[in-house]
Amino acid sequence: MNTIKDNTFEFSDDNKRYHTYNYYLKKRFGKKVMKIPLNVDLGCPNRDGTKGIGGCKFCSAKLSGEFAGDPCDDIRTQFESIKTMMNNKWADGLYIPYFQAGSNTYAPVERLRQMYETALSIENCVGMSIATRADCIDDEKAALLGELAKQTYLTVELGLQTVHDSTALAMNRCHTFADFLKGYELLRKNGVNVCVHIIDGLPGETHEMMLETARELAKLDLHIVKIHLLHVLKNTELAAMYERGEFETLTMQEYVDIVCDQLEVLPKQFVIGRVTGDGARDELVAPMWSLKKFCVMNEIDKELGRRNSYQGIRYAK
């Protein structure tokens, strides 16, 4: 029998020692599946005064939708435009419309139903992803999402970022871990797959605090976890804090170490949606090393190999 040094990790068909989203989609659908990022400009309750003003200190003016479609265009137009660009790289594939920018359950249920049904009616779409805040999920919306989950491969992506309320408060999240758990529980009660986003490198957080976020996620019934590096972006409050010298960003080695530690405590069944993020080159203030995305991913692979380790090796129920 092969040893782990030969990489016998059961949810991998390449050199990866963690359960990648690409692997999951290929196994489920039998071919390349592309997510098409959309922007329907629903806004955010943390910007309009419902929960807070100004938004999270790290969030860009585009509400994390830098690579999404133009909100001036309708859903089909956005979809076709981005699909055409992606098809230059992958000529034959299936698609998942991804409501990415802002909080995409922050509207009346009938408007949401129309949006989602429009996206699902597009040819060769095999699922749908919806990014939102957990405090934008209520019983009525969870029931709608539960209906959709019976029709297609649906994932709702919740931006948690950290389990530490002190960090969330400092970042003007206007959102607690308890808020997250309430939204998560409503979704799971209605049979909806949940993806959780976390951010490593938030000001004031130690290595152990970031690892604790992963340990708390490991206790839940999640489908996907997305691990992001904190990007300092222009024209954000975070950028002003950085320029005042109030915090330092992680080095690449620090980031690689914490991601590998987090992967080790997450159950191997969890799909890892990403292990770093994309910062638009013309908007990024720091860390500049993050622009070499594939280099970061390769360093994570090398570190897991050096440790003779893999996702879930230190997971404890």
Side-chain angles (χ1 to χ4, degrees), residues 37 39 41 43-68 100-103 106 131-136 157-177 179-180 196-214 225-259 262 273-293 296:
N39 184 348
D41 197 23
C44 176
N46 197 24
R47 290 192 178 228
D48 66 10
T50 301
K51 294 297 293 286
I53 297 293
C56 301
K57 292 183 179 180
F58 50 76
C59 193
S60 69
K62 294 183 179 180
L63 300 177
S64 299
E66 280 74 11
F67 303 101
Q100 182 186 42
S103 302
Y106 189 45
T132 192
R133 286 167 59 105
D135 55 6
C136 292
E157 304 193 10
L158 300 178
L160 172 61
Q161 320 315 356
T162 177
V163 302
H164 302 286
D165 287 346
S166 58
T167 306
L169 179 63
M171 290 293 99
N172 195 43
R173 287 283 290 148
C174 299
H175 178 292
T176 65
F177 187 40
D179 291 329
F180 163 79
V196 178
H197 293 238
I198 61 174
I199 297 176
D200 289 335
L202 289 165
E205 291 217 340
T206 64
H207 187 114
E208 180 57 32
M209 291 172 73
M210 291 178 255
L211 189 54
E212 183 61 24
T213 289
V225 173
K226 286 186 173 181
I227 303 173
H228 298 264
L229 167 68
L230 179 71
H231 287 117
V232 181
L233 301 175
K234 293 178 182 178
N235 302 314
T236 62
E237 178 57 29
L238 190 72
M241 293 170 60
Y242 180 76
E243 289 162 4
R244 292 193 297 266
E246 295 178 16
F247 72 99
E248 295 182 356
T249 57
L250 297 175
T251 66
M252 184 189 294
Q253 190 58 55
E254 287 171 333
Y255 183 70
V256 167
D257 288 344
I258 184 58
V259 169
Q262 289 171 324
R274 60 171 57 243
V275 290
T276 188
D278 294 298
R281 181 177 293 271
D282 59 350
E283 295 294 323
L284 185 66
V285 174
M288 299 309 292
W289 58 259
S290 66
L291 291 171
K292 298 179 180 180
K293 179 179 176 180
V296 178

**Prompt:** If you round to the nearest 0.5 Å, how far is OH of Y242 from OG1 of T249?
**Reply:** 4.5 Å

**Fill in**
Between P203 and the options M171, E246, K57, E248, the side chain to side chain contact (heavy atoms under 4.5 Å, CB included) test singles out M171

**Message:** Using only atom types and a distance under 3.5 Å, with no angle test, would you say the side chain of Q262 pairs donor to acceptor with the backbone of M210?
**Reply:** yes

**Non-neighbouring partners of T162 that pass side-chain hydrogen bond (donor to acceptor under 3.5 Å, both in side chains), sequence neighbours left out** = E205

**Message:** Checking I199 against L229 for the side-chain contact (heavy atoms from CB on, under 4.5 Å) test, could you report, in this order, the C-alpha distance in whole Å, the side-chain angles of both residues, the deciding distance, and whether it holds?
**Reply:** CA-CA 6 Å; I199 297 176; L229 167 68; over 6 Å; no

**Request:** Looking only at non-hydrogen atoms, find the nearest pair between I53 and G49 and report the distance.
**Result:** CD1-CA, 3.4 Å

**Request:** Locate the shortest heavy-atom distance separating H231 from L238; write the atom from each residue and the value.
**Result:** O-CD2, 3.8 Å

**Asked** Under the side-chain contact (heavy atoms from CB on, under 4.5 Å) criterion, do F247 and V232 qualify, and how do the steps go?
**Response** CA-CA 11 Å; F247 72 99; V232 181; 3.9 Å; yes

**Item:** From CA spacing to verdict: side-chain contact (heavy atoms from CB on, under 4.5 Å), L291, M288
**Value:** CA-CA 6 Å; L291 291 171; M288 299 309 292; 3.6 Å; yes

**Minimum heavy-atom distance V163-L160, with the two atoms named** = CG1-CD2, 4.0 Å

**Message:** Please enumerate all residues that pass salt bridge (charged side-chain N to carboxylate O under 4.0 Å, His left out) together with R133, with sequence neighbours excluded.
**Reply:** D135

**Prompt:** Is it true that a side-chain atom of D200 and a backbone atom of T276 form a donor plus acceptor pair closer than 3.5 Å?
**Reply:** no

**Nearest non-hydrogen partners of I258 and L211, listed with the distance** = CD1-N, 3.9 Å

**Prompt:** More than 12 heavy atoms of other residues, nucleotides or ligands under 6.0 Å from CZ of R244: is that the case?
**Reply:** yes

**Prompt:** Among pairs that include at least one residue of residues 157-169, which meet salt bridge (Lys or Arg N to Asp or Glu O under 4.0 Å), considering only residues two or more places apart or in two chains?
**Reply:** K35-E157, E157-K226

**Asked** Any idea which heavy atoms bring C136 and Y106 closest together, and the distance?
**Response** SG-CD1, 4.0 Å

**Request:** Any chance you could lay out the side-chain contact (heavy atoms from CB on, under 4.5 Å) test for M241 and F58, step after step, and finish with the verdict?
**Result:** CA-CA 10 Å; M241 293 170 60; F58 50 76; over 6 Å; no

**Prompt:** Looking only at heavy atoms, what is the nearest atom pair of C56 and N46, with distance?
**Reply:** N-ND2, 3.4 Å

**Parallel, tilted or perpendicular: ring planes of Y255 versus W289, cut at 30 and 60 degrees** = tilted

**Prompt:** By side-chain contact (heavy atoms from CB on, under 4.5 Å), which residues pair with D257, not counting sequence neighbours?
**Reply:** H207, Q253, E303, R307

**Message:** Using a 3.5 Å distance criterion without hydrogens, assess whether the side chain of K234 forms a donor-acceptor pair with backbone atoms of D282.
**Reply:** yes

**Message:** Using 0.5 Å steps for rounding, measure from the NE2 atom of H164 to the CD atom of E212.
**Reply:** 6.0 Å

**Prompt:** What residues form a side-chain hydrogen bond (donor to acceptor under 3.5 Å, both in side chains) with D179, not counting sequence neighbours?
**Reply:** T176

**Item:** K292: partners by side-chain contact (heavy atoms from CB on, under 4.5 Å), with sequence neighbours left out
**Value:** C295

